[in-house]
Each structure stands twice: as C-alpha cells, then as structure tokens.
Amino acid sequence: MLLQQATWQEVDEYLTRSKGLIVPIGSTEQHGPMGLIGTDALCPEVIAHRVSADAGILVGPTISVGMAQHHLGFSGSITLRPTTLIAVIKDYVLSLARNGFERFYFLNGHGGNIATIGAAFSEIYAERSLQRGSNQPGIMCKNQNWFTLPSAQRISKEQFGDREGSHATPSEISITQYAYPEAIKSMSEDKADAAPRSFTDAEDYRSLFPDGRIEADSFLASPEVGKEIVDACSKEVIASFNAFLAQD
Ligand code: NI
C-alpha cells in the first residue's frame, strides 16, 4: 500500500496489523551526461514500491530532495542544508507517530544523506530521551542504503567490477532505465577519470569532475541489470524490514 494512494481509514486498518512503514529518501542532483537528476530518489522509490506490491508493506511519500550541496555547480541540482533536512525528517516521522506508527525504515539512495539522516534520528530520539521519567524511546528508526544491500553489491561487482565508481554509477542508472525506459539517455563511451583527491564543495567538485561522474562508467547501464537489482533488492528489503519490526 502506498500512503499517497490510501484513505485514512485504510491507514487506520493497516495500523491494527503493523506499526511500521518504509520511507524512500534520495536527492535531486546531476548524475552525469546520461543519469537522470532524480536518480537517487527514483532508485529507492522503485525498490520500495515493488516491496509494497509484493508484501503489502506501507510506503510513505518519497523525500526526493536531500543534502546535495556539492552538486550545486550543475544546473538542476537542489539541496536542503543539513538543518533543513533534519527538520523535514523529524516532522515527517513525528506526524505519523502521532497516530500510532512506531517503526520507520528509511530506504536511502544518496550517500550524501547518510550523516544527516543519522543526526535526524538522534533529534527524534531526543524528543523522548530528554523527557523526565522516560528512558525508553517509543519510536525506532533505521536507515538502509539500497546500494549497500548485499545483493546490490554482488550484482554491481559481477556486472561492472571497478567500473561502477561512486557517482552516476551504472547500477543506479540501470534501475532508472528499467523503471523509466522512455527516459533512457545515451553518452559517448568515455571512461571516467580517476578521482585525484576528495572534493570540498560545489565548485571544487565541478573542477575535479567536469561531466559530473565520479569514476563511474555510466554507459554500461542496462534495463536488464536494473531489473535484476530491483528483483533482488526488494526481496532483501522485505526480509530486513520484517527483522526490524521484530526487533525489541
Ligand atoms: Ni546517485
């Protein structure tokens, strides 16, 4: 069930069966010459929607804009500063907690969000931890990056090896090609340059990686590999979500 396509009565009924939901979270940022700007939000959303269809797990609206300051040198990129993203995550979770949700499983598609998601969870827990006489957080949150799921790592290694890179990767582009075949783009098969050093902020990023990719040979992507990743990752997310719900 997708929250956006449910009624409040259906959500009430779901709450009698489960107190948990999945929240896809990503980013809106350049993904090189052939990657869609929405890639990091679309990938976890596609996997989460499959999970919902296969296992009846509730999926909330995707948080599609994340922490992408270092991509702002490229047109179309949007960022929330860390404090804004923390506030968005906190209000999202506490709104749903008010009516009974207790377990929030974030399925993340953007490495740049990880630190801020962790800080947001601490802020959410602090609401209760700092109350007098309460030492038991009533809400539990978990972050799972789809790209660190064992099956995503296995398929990436088998299909792309060291040409996967770390931004505008053929794996993530494969998922969007599978889900949105009408939006498939092409590019010249230029091998991505090795990263000479880590970057600081937007201008430095663009000067180091002029076409936006980081060590990723995006042109190796295919819808077939995208399907393989979505099929495998959705199964793992169902198991990992159920284990999270069963956790004390
Ligand atoms: Ni990405």
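Both ligands and their constituent atoms are indexed starting at 1 by order of listing. Position 1 is the first residue of the sequence; numbering continues from there. All values reported here derive from a predicted model rather than from experimental measurement.
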**Message:** Determine whether a donor-acceptor pair (N or O, by modelled atom type, separation under 3.5 Å) exists between the side chain of Ser77 and the backbone of Gln30.
**Reply:** yes
**Message:** Would the distance check show the side chain of Ser52 and the main-chain N or O of Ala48 forming a donor-acceptor pair, the cut-off being under 3.5 Å?
**Reply:** no
Atom name of the N, O or S atom in [X] that lies nearest to the Ni ion (ligand 1):
| X | value |
| --- | --- |
| His31 | NE2 |
| Glu172 | OE1 |
| Asp40 | OD1 |

**Message:** Quick check on Glu203: does its CD atom have over 12 non-hydrogen neighbours (other residues, nucleotides or ligands) under 6.0 Å away?
**Reply:**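 12 or below, so no.
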**Student check: side-chain heavy atoms of Arg103 and Phe244 closer than 4.5 Å** = yes
**Asked** Between the Ni ion (ligand 1) and Cys43, is there an N, O or S atom separated by less than 2.8 Å?
**Response**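 Checking the Ni ion (ligand 1) against Cys43, no N, O or S atom falls under 2.8 Å.
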**Message:** Using 2.8 Å as the threshold, say whether any N, O or S atom from Glu29 sits that close to the Ni ion (ligand 1).
**Reply:** no
**Asked** How are the rings of His110 and His70 set relative to one another: parallel (under 30°), tilted (30 to 60°) or perpendicular (over 60°)?
**Response** parallel
